[in-house]
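All remarks here apply to the structure that follows.
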Amino acid sequence: MSRRVRLGVNIDHVATVRNARGGAHPDPARAAEQALSAGADGITAHLREDRRHITDADIDVLSALCRRADRPLNFEMAVTDEMLAIALRHKPHAACLVPERREEVTTEGGLAVAGHEARIQPVVRTLSDVGIRVSLFIEPSQDQVAAANAVGAQVVEFHTGRYCHVSGTERAGELERLKAAATQAHALGLEVHAGHGLDFATAAEILVIPEIVELNIGHFLIGEAVFVGLDAAIRRMRTAMDAASSGLNA
């Protein structure tokens, strides 16, 4: 029996293109609507401290759009008082706590939860208390999974960037690391997601890990949309994921 892995589409880089000219086009909300029509199960958006792509106004619109569509908004946020206040105001379906450095081009690794439990746990508790599902974007390592469980997260999302950017025996080793972390997380009662750097091939490849129930993919799909359109890119990703899931469980 096959399983259906959810696909969350990150529309941050639609906003990146818009902001390059300072106008209103292309509109991230329009991209979100098209993504949902094409088969996305939810929308992900990262409101960064410097507002380099998604803006506060985008979050206002996306929150309303996802409520109307009855689809989840996954609000990626740094562990700061400012972002906590915004999350509490909008009450998205989920909040994914991510690391953030102003000088990075994109998120370069997972959130360091181990060793920082005292800072992260109150944020997790505050979000959870108002019904927001809390995910932690972490490296697939034993100590980070254990720390995510200790601070009360419901979900872990594994950073797949290294898996996507190495090859050969290194990639095989990264896959084993992802498998071990997913097994550990599932045994602790954590839901397992994955994302960062995934394309059609690598998204299908990591679905050999049966504990993964959701992939969050953005940059690749937005880039592919330049050539084939967003609808076609998402539909192809959905097909690749479904085929991989069916093959695993056939």
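Since the structure is predicted, the reported quantities are computational estimates derived from the model, not experimental observations. Any value given below was found using the heavy atoms of this structure, including those in side chains, with hydrogens, waters and symmetry copies removed. For the single chain, residues carry numbers from 1 onward in sequence order.
Within the 4.5 Å cutoff, the side chain of Leu36 has heavy atoms near those of the Leu65 side chain. Counting only heavy atoms from C-beta outward, the side chains of His90 and Ile86 approach each other to under 4.5 Å. A heavy-atom distance below 4.5 Å is found between the side chains of Ile206 and Leu215. A heavy-atom distance below 4.5 Å is found between the side chains of Leu127 and Leu97. When side chains are defined from C-beta on, Gln142 counts as touching Gln184, because their heavy atoms get closer than 4.5 Å. When side chains are defined from C-beta on, Ile132 counts as touching Pro92, because their heavy atoms get closer than 4.5 Å. No side-chain heavy atom of Val79 sits under 4.5 Å from any side-chain heavy atom of Val98. Under the 4.5 Å side-chain criterion, counting only non-hydrogen atoms from C-beta, Asp56 is in contact with Leu47.
A donor-acceptor pair under 3.5 Å is formed between the side chain of Glu117 and the backbone N or O of Gly115. Panel note: side chain Thr80, backbone Met83; a donor-acceptor pair is recorded below 3.5 Å. Listed for the Thr126 side chain is no donor-acceptor partner under 3.5 Å among the backbone atoms of Val123. Checked by atom type and distance alone, the side chain of Asp199 pairs as donor or acceptor with a backbone atom of Thr202 at under 3.5 Å.
Classification of Arg162 and Glu139 as a salt-bridged pair fails, no side-chain N sitting under 4.0 Å from a carboxylate O. Using a cut-off of 4.0 Å between Lys/Arg side-chain N and Asp/Glu carboxylate O, Asp50 and Arg52 are scored as salt-bridged. We find that Arg171 and Glu174 are not joined by a salt bridge, their nearest charged nitrogen and carboxylate oxygen being 4.0 Å or further apart.
Summarising the geometry, atom CD1 belonging to Ile43 is positioned 10.5 Å from atom CG belonging to Asp12; distances are rounded to the nearest 0.5 Å.
Arg18 is linked by a salt bridge (charged side-chain N to carboxylate O under 4.0 Å, His left out) to Asp58, counting only residues two or more places apart in sequence or in another chain. Every residue was checked against the salt bridge (charged side-chain N to carboxylate O under 4.0 Å, His left out) condition with Arg125, not counting sequence neighbours, and none meets it. Shown here are the salt bridge (charged side-chain N to carboxylate O under 4.0 Å, His left out) partners of Glu82, two or more places apart in sequence or in another chain: Arg51.
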- Query: Checking side-chain contact (heavy atoms from CB on, under 4.5 Å) for the pair Leu175/Val208: CA distance, chi angles, key distance, verdict?
  - Reply: CA-CA 9 Å; Leu175 184 60; Val208 299; 4.3 Å; yes

- Task: Determine, step by step, whether Val151 and Val124 satisfy the side-chain contact (heavy atoms from CB on, under 4.5 Å) criterion, reporting the C-alpha distance in whole Å, the side-chain angles of both residues, the deciding distance to 0.1 Å, and the verdict.
- Result: CA-CA 7 Å; Val151 300; Val124 173; 4.2 Å; yes

- Kindly indicate, with the supporting measurements, whether the criterion side-chain contact (heavy atoms from CB on, under 4.5 Å) is fulfilled by Phe75 and His46. CA-CA 6 Å; Phe75 178 63; His46 183 179; over 6 Å; no

- What do the steps show when you test Leu198 against Phe220 for side-chain contact (heavy atoms from CB on, under 4.5 Å), and what is the final call? CA-CA 7 Å; Leu198 296 170; Phe220 173 77; over 6 Å; no

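Side-chain contact check for Ser128 and Gln154: at least one donor-acceptor pair (N or O, by modelled atom type) lies under 3.5 Å. His193 and Glu191 form a side-chain donor-acceptor contact under 3.5 Å, judged by distance and modelled atom types alone. Side-chain contact of Thr44 with Asn74: a donor-acceptor pair under 3.5 Å is present, judged by distance alone.
Evaluation of the salt bridge (Lys or Arg N to Asp or Glu O under 4.0 Å) test over residues 211-227, restricted to residues two or more places apart or in two chains, returns Arg6-Glu214.
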In residues 225-239, what donor-acceptor pairs under 3.5 Å come from side-chain atoms, sequence neighbours left out?
from   : atom 1 : to     : atom 2 : distance (Å)
Asp231 : OD1    : Arg235 : NE     : 2.7
Asp231 : OD2    : Arg235 : NE     : 3.3
Asp231 : OD2    : Arg235 : NH2    : 3.4
Arg235 : NH2    : Ser37  : O      : 3.4
Arg238 : NE     : Asp242 : OD1    : 3.1
Arg238 : NE     : Asp242 : OD2    : 3.4
Arg238 : NH1    : Val5   : O      : 3.1
Arg238 : NH1    : Asp41  : OD2    : 3.1
Arg238 : NH2    : Val5   : O      : 2.6
Arg238 : NH2    : Asp242 : OD1    : 2.7
Thr239 : OG1    : Arg235 : O      : 3.0

Could you pull out every donor-acceptor pair under 3.5 Å between side chains of residues 26-35 and any protein atom, sequence neighbours left out?
from  : atom 1 : to    : atom 2 : distance (Å)
Asp27 : OD1    : Ala29 : N      : 3.1

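A ring-centre distance under 6.0 Å is not found for Phe158 and Phe137.
With a 6.0 Å radius and a threshold of 12 heavy atoms from other residues, nucleotides or ligands, Asp129 has its CG atom above the threshold.
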